[in-house]
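All values derive from a computational prediction rather than experimental measurement. All chains are named by letter (A, B, ...) in the order of the sequence lines, taking the proteins before the strands, and each is independently numbered beginning at 1.
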Number of protein chains: 2
Amino acid sequence: MTLTEENYLKALFHLSTENEEVSVLDLSKSLTIKMPTVNSMVKKLSGKGLISYEKYKPLMLTQSGRRAAGLIIRKHRLVEMFLVQHLGFGWDEVHEIAEQIEHIKSQRFFDRIDQLLDFPKVDPHGSPIPDINGDIAVQNYMKLEECAEKQIAMFMSVGSSQDSFLKLIDKLNLKLGDKVEILEIQDFDKTMRVLVNDASEKTLSQMVAANILVQLTV
Amino acid sequence: MTLTEENYLKALFHLSTENEEVSVLDLSKSLTIKMPTVNSMVKKLSGKGLISYEKYKPLMLTQSGRRAAGLIIRKHRLVEMFLVQHLGFGWDEVHEIAEQIEHIKSQRFFDRIDQLLDFPKVDPHGSPIPDINGDIAVQNYMKLEECAEKQIAMFMSVGSSQDSFLKLIDKLNLKLGDKVEILEIQDFDKTMRVLVNDASEKTLSQMVAANILVQLTV
DNA sequence: CTAAAAAGTTAGAATAGTCTAACAAAATTT
DNA sequence: AAATTTTGTTAGACTATTCTAACTTTTTAG
Ligand SMILES: [Mn+2]
Ligand SMILES: [Mn+2]
Ligand SMILES: [Mn+2]
Ligand SMILES: [Mn+2]
């Protein structure tokens, strides 16, 4: 498979996770590639049995397309983890590089990175790393936004990997694994006042809280 | 610059080091790409000011082409070093992977690897790593083949990175930095009997000795 | 239920990189 | 010095990936 084909599959995989139906337009926007180009690539990948495609119908990955996409995402996330843990990159700097390295042709290279990282289950953003079969564990975290006052939760993953959001989380000194207790929710704008790790109080806008994914603590 | 262009420049650089004149045919053979293709790519790179080219004349890198090539070789060798030192690859396994990773677009990525390796001056094969300006230190090592009986030398670099040669050196338990004392040279076939690190005796064929680069010990 | 808008498709063209076939120049042999 | 071989170049074609323009189908609005 070419780098280009891999990127198409990955994009379709991500879109399929977010929406139940994915259109050519969705894929086109997500890749910033014009629709006619996407249309022809979709046909090509359909010919390879990776996408199931019928004219005017939503796009779907086949079993084998899903597996292929999962394996690329696995490489991407392993690389991101490596960049953060061993090369000292910030979690806001790794995506672009991983986007390139994920296409390196060498099973062994990624196996070694996996081993060096001690077989991590999540990437630096808290997203699950697919297993060697390309299967991804389903995460069912809540948005902090949806939690109620007095609830206590653990920060498990981010809902956005936008640069500005990640940098903001850094500036707030929040890290994956932090304990977050909801002290108060403003009725007017849903702004949250929270206590982090029983130590420091922070104020989070609804937009920020919507992108903080948490697991409720019993 | 594209991956393809980078590979052309690198190949021309290496050929220029080995021979004083490099022809289109040389480049064609070295890249395993047919001459007409090479011809047109050479024109293209000439247009970009990286190769100085006149019809029917030998090929030469310009100042800026040499610099560009040096920087790619720098990345290649840093990566090889990283693969050996941090991912546990053998020196016979790293070239293919480095051949791909050298094209990653991220200055920072290579800077971090350089730092992680503590700014190495040579790669796992003993070849010099160009500096940040693409300048390569000239090595003037002797072939062990050219040394005389009784001379004592240090194994500094290999003259070939062929898989079978590297594996043979491994099997002989020879490593860069080893002290090699020439005990005897067979007149008939130039086979050498050597003492390694004052400890073990080995017999090396002339062909092997020709690819072991050493520095004479005073 | 039409008319307009949105989404999808087809056709045709461009660029990068590659090839084969044919021709031309340079180098090497007689 | 000619003949032959080797090397280099040109021309034309092919694949992969992309685009724009034009057309069609589906969806949405009135
Ligand atoms: Mn990423
Ligand atoms: Mn990618
Ligand atoms: Mn190498
Ligand atoms: Mn390369």
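Contact check of residues 11-22 of chain B against DNA chain C (heavy atom, cut-off under 4.0 Å) returns no residues at all. Applying a 4.0 Å cut-off to non-hydrogen atoms, none of the residues of residues 97-105 of chain B approaches DNA chain C.
Taking the six-membered ring where tryptophan is involved, the planes of B/His125 and B/Trp91 are essentially parallel, since the angle between them stays under 30° and well short of 60°.
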For this session: For the pair B/Val24 and B/Tyr56, evaluate side chain to side chain contact (heavy atoms under 4.5 Å, CB included) and give the outcome as yes or no after the intermediate values.
Result: CA-CA 9 Å; B/Val24 172; B/Tyr56 303 109; over 6 Å; no

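One atom, CD of B/Glu54, and another, P of D/dG8, lie 14 Å apart when rounded to the nearest Å. The OH-C1' distance, from A/Tyr56 to D/dT25, rounds to 5 Å in whole Å. Distance, B/Leu25 CG to D/dT6 C1': 8 Å, rounded to whole Å. Rounded to an integer number of Å, the gap from CG of B/Leu31 to P of C/dG17 is 13 Å. Straight-line distance from the NZ atom of A/Lys29 to the C1' atom of C/dG8: 13 Å, rounded to whole Å.
Between B/Ile33 and B/Tyr8, some side-chain heavy-atom pair lies under the 4.5 Å cut-off.
Here B/Phe119 and B/Phe110 keep their ring centres 6.0 angstrom or further from each other.
Using a 4.0 Å cut-off between charged side-chain N and carboxylate O, A/Glu5 and A/Lys48 make a salt bridge. The pair A/Arg74-A/Asp114 meets the salt-bridge criterion, since a charged nitrogen lies less than 4.0 angstrom from a carboxylate oxygen.
By the 6.0 Å and 45° rule, A/Arg112 stacks over the aromatic ring of B/Phe89.
Looking at heavy-atom distances under 4.0 Å, A/Lys43 makes contact with sugar-phosphate atoms alone, never a base.
Side-chain atoms of A/Asn7 and A/His103 form a donor-acceptor pair, as typed in the model, at a separation below 3.5 Å. In this structure, a donor-acceptor pair under 3.5 Å is present between the side chains of B/Glu80 and B/His76.
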For this session: If a protein heavy atom is under 4.0 Å from the base, mark B; if only from the sugar-phosphate, S; if neither, -; do that for nucleotides 16-21 of chain D going 5' to 3'.
Result: SSBBBB

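Look at A/Lys55 and you'll find a side-chain N or O under 4.0 angstrom from OP1 or OP2 of C/dT10. In this model, the phosphate group of C/dG8 is not approached by any side-chain N or O of A/Asn39 to a distance below 4.0 Å at OP1 or OP2. The phosphate of D/dT9 (OP1 or OP2) has a side-chain N or O of B/Tyr53 nearer than 4.0 angstrom.
Remark: A/Glu99 CD to A/Glu6 CD distance equals 10.5 Å, nearest 0.5 Å.
Surrounding CE of B/Met156 are more than 12 heavy atoms belonging to other residues, nucleotides or ligands, all under 6.0 Å away.
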